[in-house]
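These notes are about the structure you will find just below.
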There are 2 protein chains.
Amino acid sequence: MNYTRDNMAGLLRSHEINPTHQRIEIAHALFSRQEHLSADQVMAAVNTRHSETSKATVYNTLKLFLEKGLVSEVIVDPSKVFYDPNTTPHHHLYEVDSGKLSDIDAGSVQISGLPPLPDGMVTEGIDLIVRVRRQP
Amino acid sequence: MNYTRDNMAGLLRSHEINPTHQRIEIAHALFSRQEHLSADQVMAAVNTRHSETSKATVYNTLKLFLEKGLVSEVIVDPSKVFYDPNTTPHHHLYEVDSGKLSDIDAGSVQISGLPPLPDGMVTEGIDLIVRVRRQP
DNA sequence: TGGCCAATCTGGACTTTGTCTAATCTCGCG
DNA sequence: CGCGAGATTAGACAAAGTCCAGATTGGCCA
């Protein structure tokens with residue numbers, strides 16, 4: 001799969017998102033890298049050379065992508081949210097000292113024995129985060 | 001177990017923390033409630049009636065408690081960190097719309113099939129968060 | 001083509017959470 | 001009693017994110 005800007009337009013449309021210039025650039029930044037980026041990093045990626053997209057638009061757009069299921073949020077660092085272009089079920093490995101975040105495929109991981117949910121509640125997601133640190 | 005202020009002093013000492021007035025109040029706020037509180041909520045709890053403890057002290061103290069293993073951090077909400085008086089291994093249930101956070105005992109939960117860690121890395125902790133939402 | 005309108009984007013002010021610093025306070029001990 | 005290390009404080013500051021009112025865009029139809 002090729003993450004050209006043209007393909008981004010299609011991707012956005014298939015998620016019922018009107019593909020504007022800014023949205024295409026933001027999607028491109030996330031998907032071509034296949035990495036976890038914070039809002040700040042998206043800003044920087046989109047505004048290399050000359051400033052093109054405002055802070056408000058970056059935040060609005062990421063929130064929109066999230067609602068439309070195009071990206072997911074990863075909350076591992078108290079100071080910033082990461083956005084993840086991988087929306088298939090998977091887990092995360094977080095290197096505490098470097099801040100590096102990587103995926104753990106959900107395929108082989110099994111979680112069992114979770115208690116029943118409170119009445120009238122539905123699961124929105126299960127986040128499994130393995131926090132690791134460089135051996136001292 | 002009884003979470004009197006006197007017992008708090010002993011608890012702090014047993015974790016190599018000099019038990020000052022402010023630290024005892026903060027420990028008392030966390031342990032007598034047996035709940036997850038944010039720094040803000042600790043501030044409010046400690047400063048009912050007249051202001052007694054400054055913001056800087058609350059933050060310093062929570063960080064100190066964390067280092068000394070007296071409390072643990074729970075990162076589920078991008079906007080604030082919760083502090084958890086329960087340091088035994090356990091997981092969390094987070095009600096997304098209300099912000100309510102509760103414990104899931106680790107006893108019956110099994111996680112298997114995690115891939116090996118990268119070389120030279122040690123696990124610092126495994127966070128399992130079940131995000132739920134009220135049925136629409 | 002030209003004009004219209006709704007959707008989108010923007011700068012900048014604002015809020016909230018948390019950090020930092022330099023000055024002050026406390027308290028055990030000689 | 002007075003000293004000094006450790007603790008506390010007020011308030012300035014930083015960073016992430018939100019909000020708003022006005023400007024821009026672009027698709028559509030005559």
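Naming: A, B, ... by sequence-line order, numbering from 1 per chain.
For B:Lys80, the listed nucleotide lying nearest its side chain is C:dG18; candidates were C:dG12, C:dC20, C:dG18. Closest contact between the side chain of B:Lys63 and the listed nucleotides C:dT19, C:dT10, C:dT8 involves C:dT19.
Among the heavy atoms of the strands lying under 4.0 Å from A:Ser79 are primed sugar atoms or P, OP1, OP2 only; no base atom is included. At a threshold of 4.0 angstrom between heavy atoms, the contacts of A:Thr57 include nucleobase atoms, whether or not backbone atoms are also involved. Note on A:Thr53: only backbone sugar-phosphate atoms sit closer than 4.0 angstrom, heavy atoms only; bases stay farther off.
For DNA chain D, the span of nucleotides reached by chain B at under 4.0 Å from its heavy atoms goes, 5' to 3', from D:dA7 to D:dA12.
Following rounding to the nearest Å, B:Arg13 (CZ) and C:dG28 (P) show an atom-to-atom distance of 11 Å. Protein atom CG of A:Asn47 is 9 Å distant from nucleotide atom P of C:dG11, rounded to whole Å. Distance B:Lys55 NZ to C:dT21 P: 15 Å, rounded to the nearest Å. Spacing between atom CD of B:Glu52 and atom P of C:dT26 amounts to 14 Å, rounded to whole angstrom units. Between the CG atom of B:Leu62 and the C1' atom of C:dG18 there is a distance of 11 Å, rounded to whole Å. One can place CD of A:Glu16 at 13 Å from P of C:dT8, the figure rounded to the nearest angstrom. Nucleotide C:dT19 holds its C1' atom 9 Å from the CG atom of B:Asn60, rounded to whole Å. Rounded to whole Å, the distance from CG on B:Leu37 to P on C:dG18 is 13 Å.
Environment of CD in A:Gln110: sparse, with no more than 12 heavy atoms of neighbouring residues, nucleotides or ligands closer than 6.0 Å.
At a cut-off of 3.5 Å, with distance as the only test, no side-chain donor of B:Asn2 or B:Asn7 sits close to an acceptor on the other residue.
Screening residues 115-136 of chain B for side chain to side chain donor-acceptor pair (under 3.5 Å) gives A:Glu124-B:Arg133, A:Asp127-B:Arg131, A:Arg131-B:Asp127, A:Arg133-B:Glu124 as the qualifying pairs, with residues at least two apart or on separate chains.
Relative ring orientation between B:His90 and B:His36 is described as tilted, the plane-to-plane angle lying within the 30° to 60° band.
Residue A:Thr20 places at least one side-chain N or O under 4.0 Å from the OP1 or OP2 atom of C:dC9. The phosphate of C:dT19 has neither OP1 nor OP2 within less than 4.0 Å of any side-chain N or O from B:Tyr59.
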Protein-nucleotides 5-7 of chain C N/O pairs closer than 3.5 Å?
none

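Remark: the backbone N or O of A:Ala29 is paired with a side-chain donor or acceptor of A:Arg33 at under 3.5 angstrom.
The heavy-atom pair separating A:Ala9 from A:Ile24 by the smallest distance is CB-CD1, 4.0 Å.
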